[in-house]
Trainee: 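Mind looking over this structure? Questions follow.
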Amino acid sequence: MIDVLVVGGGNAALCAALMAREAGASVLLLEASPREWRGGNSQHTRNLRCMHDAPQDVLVEAYPEEEYWQDLLKVTGGQTDEHLARMAIRASSNCRDWMRSHGVHFQPPLSGALHVARTNAFFMGGGKALVNAYFRSAEALGVEVRYDTPVVSVEMQDGRFIAVRTGTGERIAARACVLAAGGFESNIEWLREAWGQNERGEWPADNFLIRGTRFNTGVLLKHMIDAGADAIGDPTQAHMVAIDARAPLYDGGICTRIDCVSLGVVVNRNADRFYDEGEDFWPKRYAIWGRLVAQQPDQIAWSIIDAKAVGRFMPPVFPGTRADSLPELARQLGLDEARFTATVEAYNAACRAGTFDHTQLDDCHTEGLSPAKTHWARPIDTAPFYGYALRPGITFTYLGLRVNEDSAVHFDGVPSDNLFVAGEMMAGNVLGKGYTAGVGMAIGTAFGRIAGTRAAEAAINAKSTRTDHHATA
């Protein structure tokens, strides 16, 4: 019998498999996807948010624990478990050497890029290179990997893990198990049920695009909740980004994000602004805009900029709609010309000139305008003008299984002693809502490593207990 079974093939699953193997356990990893799509949503990531008290290798200045915690507290609105959050934060300070030992490379900070060289370490080659490195290392260490093997149910007895069943009906037993099979973001029916119908009679989820993997259908998550595992989180809360409306339904990834929101204004179908585009730095705010767009008529909005903004943001994969005047831009975007022009002119009139600096919370703001724009407010008055259509892009859902510091699955408040969970399937313990760049990888890495270590201990203890029992029998 295998010691540790790991269900999933993303960052958290791989961290668990590697740690369990390093602890001396035999490990089998089951990945639902074919080999070429392996890695879950981790293949679409770029960076890890890291606590550090002084400059370190690829990180500049310092990003101490308390600042990290305050950043997380702010974006989640307090909907977080402080103890578990601080565990992930502290673990982010010392995991990079271990990651490097398994073939992960980090890139030196790019001058002026993304304003996150202080808080985030970027993977050389992105998330795809990271998961490929982990898979190579796992196989070299003797971890058995099986692709095209979705798990649909878990067999339990008195709170203990016994076995799983795969989509083909195969039963696989193990002494301990780590569940790291992702959220339910690619299950359109479940999203539709969770979001329901709005006051306009629309079903918002019908207009969602899935930035991440098509294989995270939440079958295992739903099975565990139905089987009595303690759940945490709101099924409508997720990492949701405003992405290019022309993005594919699945796997659009990072390149479909529209990053010019804070440099202009965003209007809805009625050509009205609906939120402060300059509330905070983009890496702390990009993941609220998907939800904001989801609340607008037809779940669509447009990010509007002028020539002054060009070159100040990461260009998206598709070019924006370009026009030489505001009325012409409105016509091209299919928006009411008069209403759109009035909205932009009202914004322009409310802008108060200051010292524009997109790397700081500057003093360029609006007065007498609702909603206000609190930073980086400059008139949109220099042709050519650009518009980018936005849709809600859902990366991963926050509904998950409740855990403790051992990452154990709970049943009626009692932790299982041989079933653990990591990654998106438990991220809701730390992320009740909101997001800040790189924290998902921090949670997955921390609790993946914890889950793998605890699963190996449980399996090895089970073997030694049985050996002792046979010796005394």
Side-chain angles (χ1 to χ4, degrees), residues 1-10 12-13 16 20 28-32 40 81 84 146 149-194 215-238 396-430 432 444 447-448 450-452 454-455 458-459 462:
M1 184 191 290
I2 203 84
D3 290 332
V4 175
L5 182 66
V6 177
V7 183
L28 169 62
L29 182 145
L30 304 178
E31 164 66 296
D81 181 313
L84 298 178
R146 284 176 55 183
T149 311
V151 170
V152 296
S153 65
V154 176
E155 188 181 323
M156 302 288 297
Q157 188 176 337
D158 301 324
R160 281 186 60 78
F161 169 83
I162 303 296
V164 299
R165 284 208 183 267
T166 70
T168 60
E170 182 185 2
R171 182 179 182 274
I172 302 172
R175 295 183 176 88
C177 180
V178 177
L179 305 177
F184 68 91
E185 57 275 2
S186 55
N187 186 328
I188 305 289
E189 293 75 24
W190 193 352
L191 289 174
R192 199 173 197 265
E193 177 190 318
F215 297 99
N216 282 5
T217 55
V219 171
L220 201 53
L221 176 63
K222 190 169 196 335
H223 167 79
M224 291 306 301
I225 293 171
D226 290 347
D230 297 346
I232 190 165
D234 170 351
T236 73
Q237 290 291 349
F396 70 93
T397 47
Y398 291 174
L399 176 69
L401 304 182
R402 188 179 290 277
V403 297
N404 58 6
E405 60 188 17
D406 292 325
S407 218
V409 177
H410 285 56
F411 295 87
D412 292 325
V414 180
S416 171
D417 60 9
N418 73 338
L419 181 63
F420 305 88
V421 61
E424 287 179 18
M425 284 186 80
M426 52 67 65
N429 289 270
V430 177
F447 287 95
I450 290 167
R454 296 290 176 264

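Hydrogens, waters and symmetry mates play no part in the numbers below; they use all other heavy atoms, side chains included.
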Trainee: Can you tell me how far CD of Glu189 sits from OG1 of Thr217, rounded to the nearest 0.5 angstrom?
Mentor: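 Going from the OG1 atom of Thr217 to the CD atom of Glu189 covers 10.0 Å.
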
Trainee: Does any non-hydrogen side-chain atom of Met425 lie less than 4.5 Å from one of Val7?
Mentor: no

Trainee: Which heavy-atom pair separates Ala163 from Ala173 by the least distance, and what is that distance?
Mentor: CB-CA, 3.7 Å

Trainee: Taking the side chain as every heavy atom from C-beta outward, state whether Phe420 and Ile450 have any atom pair closer than 4.5 Å.
Mentor: no

Trainee: Of all heavy-atom pairs between Val403 and Val421, which one has the smallest distance, and what is that distance?
Mentor: CG1-CG1, 3.2 Å

Trainee: Could you tell me whether the side chain of His223 reaches within less than 4.5 Å of the side chain of Arg165, counting heavy atoms only?
Mentor: no

Trainee: Please find the pair of heavy atoms, one from Ala455 and one from Ala176, that lie closest to each other, and give the distance.
Mentor: O-CB, 3.4 Å

Trainee: Tell me, yes or no, whether the heavy-atom count around Asp412 atom CG, taken from other residues, nucleotides or ligands under 6.0 Å, exceeds 12.
Mentor: no

Trainee: Could you pull out the closest heavy-atom pair between Leu220 and Ser153, with the gap in Å?
Mentor: CD1-N, 4.2 Å

Trainee: Enter the distance from Asn404:CG to Asn429:CG here, rounded to the nearest 0.5 Å.
Mentor: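 Answer for the CG-CG pair, Asn404 versus Asn429, is 9.5 Å.
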
Trainee: Rounded to the nearest 0.5 Å, what separation is found between the OG atom of Ser416 and the CG atom of Asp158?
Mentor: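 Rounded to the nearest 0.5 Å, the OG-CG separation comes out at 10.5 Å.
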
Trainee: Could you tell me whether the side chain of Ile232 reaches within less than 4.5 Å of the side chain of Asp81, counting heavy atoms only?
Mentor: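 No, every pair of side-chain atoms sits at 4.5 Å or beyond.
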
Trainee: What residue among Arg160, Arg175, Arg454 forms side-chain contact (heavy atoms from CB on, under 4.5 Å) with Asn418?
Mentor: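 Exactly one option meets the side-chain contact (heavy atoms from CB on, under 4.5 Å) with Asn418, and it is Arg160.
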
Trainee: For Phe161, check ring-ring contact (aromatic ring centres under 6.0 Å, His included) against everything at least two apart and list the hits.
Mentor: none

Trainee: Is there a side chain to side chain contact (heavy atoms under 4.5 Å, CB included) between Leu30 and Val164? Walk through the geometry before answering.
Mentor: CA-CA 10 Å; Leu30 304 178; Val164 299; 4.2 Å; yes

Trainee: Decide yes or no for Pro150 and Phe215: does some side-chain heavy atom of the first lie under 4.5 Å from some side-chain heavy atom of the second?
Mentor: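 The answer is no; the side chains never approach within 4.5 Å.
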
Trainee: Rounded to the nearest 0.5 Å, how far apart are CG of Leu179 and OG of Ser407?
Mentor: 10.0 Å

Trainee: Would you say that Thr397 contacts Leu191 through its side chain, given a criterion of any heavy-atom pair below 4.5 Å between the two side chains?
Mentor: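 Contact flag for Thr397/Leu191 side chains = yes.
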
Trainee: Do Leu399 and Ile225 have side chains that approach each other closer than 4.5 Å (heavy atoms only, starting at C-beta)?
Mentor: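 When only atoms from C-beta onward are counted, Ile225 and Leu399 do touch, with a gap below 4.5 Å.
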
Trainee: Has the side chain of Asn187 got a donor or acceptor atom that lies under 3.5 Å from a matching backbone atom of Gly218?
Mentor: no

Trainee: Can you see which heavy atom on Leu29 is nearest to which on Gly9, and at what distance?
Mentor: CD2-CA, 4.3 Å

Trainee: Quickly, which of Ile162, Val409, Leu419 forms a side-chain contact (heavy atoms from CB on, under 4.5 Å) with Met156? Name it, please.
Mentor: Leu419

Trainee: Looking at every heavy atom in both Ser186 and Asn216, which two are closest together, and how far apart are they?
Mentor: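 Ser186 and Asn216 have their closest heavy atoms at OG-O, 2.7 Å.
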
Trainee: Is there side-chain contact between Phe411 and Met224, with heavy atoms separated by less than 4.5 Å?
Mentor: yes

